[in-house]
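Convention: sequence-line order gives letters A, B, ...; per-chain numbering from 1.
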Amino acid sequence: MMSTAESMADRIDTSYFDLRHTFESAQPLTFHADAEIEKGYMRYSTYDDVLQLRFFGDSRSGSIHMKSLAGMPEHCVEKEVVRRFRLNDDLPKIYKMINTDNAIGNATRHFHGMRLTLNDPWEATLCFIVSQFNNVKRIRLIVRKLIATYGMEIKDKEGRVIGKAFPRSEDLAGATEKELMECGTGFRGRYIASAAKFCTNNLDLYKLNAKDYDSLMENLMEIDGVGEKVADCVALMGYGNLRAFPIDVWVKRTLEKMYFNGKDKNIKYLKEFAQERWGDYAGYAQQYIFWHGREIMKK
DNA sequence: ACCCAGGCGGGCG
DNA sequence: CGCCCGCATGGG
């Protein structure tokens, strides 16, 4: 008789998962995935397949139904989705750890079920280079244009094109700065051209997984166009290093407002404050503070 | 028109 | 070191 686990392999039960908060939280996956939040529908490309997901329930208790368009085996689809949305993270425990005060407690309550995603290291690198001095709407536009222009076609078993993969560094390494700027990248075109060549010829991002946080950061910042903030984002969302605490303009403003009466503090000080306060889960704290801050501070 | 956006590299003191 | 500036582009 078929085991329960096998017969349910196209479905994952979830708790502490919220589709809307996760998809609206400006992470690499969400820059290019498609979602119709009200219908609980989402769709995204892996390297050689397109996955359709349907979410039922709410952030307390729900389920994700999964379908591969190119025939990925069910157990592989499940593994991919669990990994990509970090569904094995113990969110109740993490909330307990990072809810050090009412301010962040409000953020985790308001965005209950928002998950960090785990993305391909190069995907994260490219997305966050695009993100610099930019806004979320336009980041999406640029990332999608890069995929449309440079991504490899994904085909189903009948050979029909069902989507495009996120372009690898080698797919972009031949592009000129000018060509990249035609995708709307602006002054970041130079960084992308340089980073694509560097990550194809000089630095293998897929060999940095075992590195500790400090040497990972050091390696990532060798890439032209990758500074501390982008490296932190890549460490967090490309490598899953939860100690990383990227500080952008929103996180800076929000921390200052929440903990320092709005007084100006430099990045180094704030980062040490955060990593001391939230330790091994600082990255989760950051994601909630980032999104909460945008919510409460935009006029 | 003007301001801002998930920053970075380079130049200056 | 730390600070300050320009940078392409599109939306509010």
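If you take NZ of A:K252 and P of B:dG7, they are 12 Å apart, rounded to a whole angstrom. Computed from coordinates, the A:L146 CG to C:dT9 P distance equals 14 Å when rounded to whole Å. What separates CG of A:D232 from P of B:dG7 is a distance of 13 Å, to the nearest Å. Straight-line distance from the NZ atom of A:K145 to the P atom of C:dT9: 11 Å, rounded to whole Å. What separates CD1 of A:I142 from C1' of C:dC7 is a distance of 13 Å, to the nearest Å. For the pair A:L141 CG and C:dA8 P, the computed distance is 19 Å after rounding to whole Å. In this structure, A:F187 atom CZ and B:dG7 atom P are separated by 9 Å, rounded to whole Å. The CZ atom of A:R190 sits 8 Å away from the P atom of C:dA8 (whole-angstrom rounding).
Cation-pi check for A:K39 over A:Y41 is not met; the charged atom does not lie both under 6.0 angstrom from the ring centroid and within 45 degrees of its normal.
If you check every strand for non-hydrogen atoms under 4.0 Å, A:N266 touches nothing. Among the heavy atoms of the strands lying under 4.0 Å from A:R188 is at least one base atom, whether or not backbone atoms are also near. A:S25 comes within 4.0 angstrom of a base, heavy atoms only. Looking at heavy-atom distances under 4.0 Å, A:R253 makes contact with sugar-phosphate atoms alone, never a base. Residue-level contact check: A:E182 touches neither bases nor backbone, having no heavy atom under 4.0 Å from any strand.
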Under the salt bridge (Lys or Arg N to Asp or Glu O under 4.0 Å) criterion, do A:K67 and A:D10 qualify, and how do the steps go?
CA-CA 7 Å; A:K67 185 182 168 193; A:D10 64 336; over 6 Å; no

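Side-chain polar atoms of A:S63 and A:D13 form no donor-acceptor pair below 3.5 angstrom. With no hydrogens or angles considered, no side-chain donor-acceptor pair links A:E218 and A:Y213 at under 3.5 Å. A side-chain donor-acceptor contact under 3.5 Å links A:Q27 and A:T117. Checking A:H112 against A:R60 by side-chain atom types alone, a donor-acceptor pair falls below 3.5 Å. In this structure, a donor-acceptor pair under 3.5 Å is absent between the side chains of A:R109 and A:N99.
In this structure, of C:dA8, B:dA5, B:dG7, it is C:dA8 that holds the atom nearest to the side chain of A:M181. Of the candidate nucleotides C:dG10, C:dC7, B:dC8, B:dC8 has the atom nearest to the side chain of A:Y191. Counting only heavy atoms from C-beta on, A:D224 has its side chain closest to B:dG9 among B:dG9, C:dA8, B:dG7.
Of all the residues in residues 114-133 of chain A, A:S131, A:Q132, A:F133 reach under 4.0 Å from DNA chain B with at least one non-hydrogen atom.
Comparing the C1' positions of C:dG10 and B:dG9 gives a spacing of 24 Å, expressed to the nearest Å. B:dC8 and C:dG11 are spaced 24 Å apart, taking the P atom of each and rounding to whole Å.
Between A:M221 and A:I139, the one whose closest nucleotide on DNA chain B sits nearer the 5' end is A:I139.
Heavy atoms from other residues, nucleotides or ligands lying under 6.0 Å from NZ of A:K252 number more than 12.
A sub-4.0 Å separation between OP1 or OP2 of C:dG12 and a side-chain N or O of A:K137 is present.
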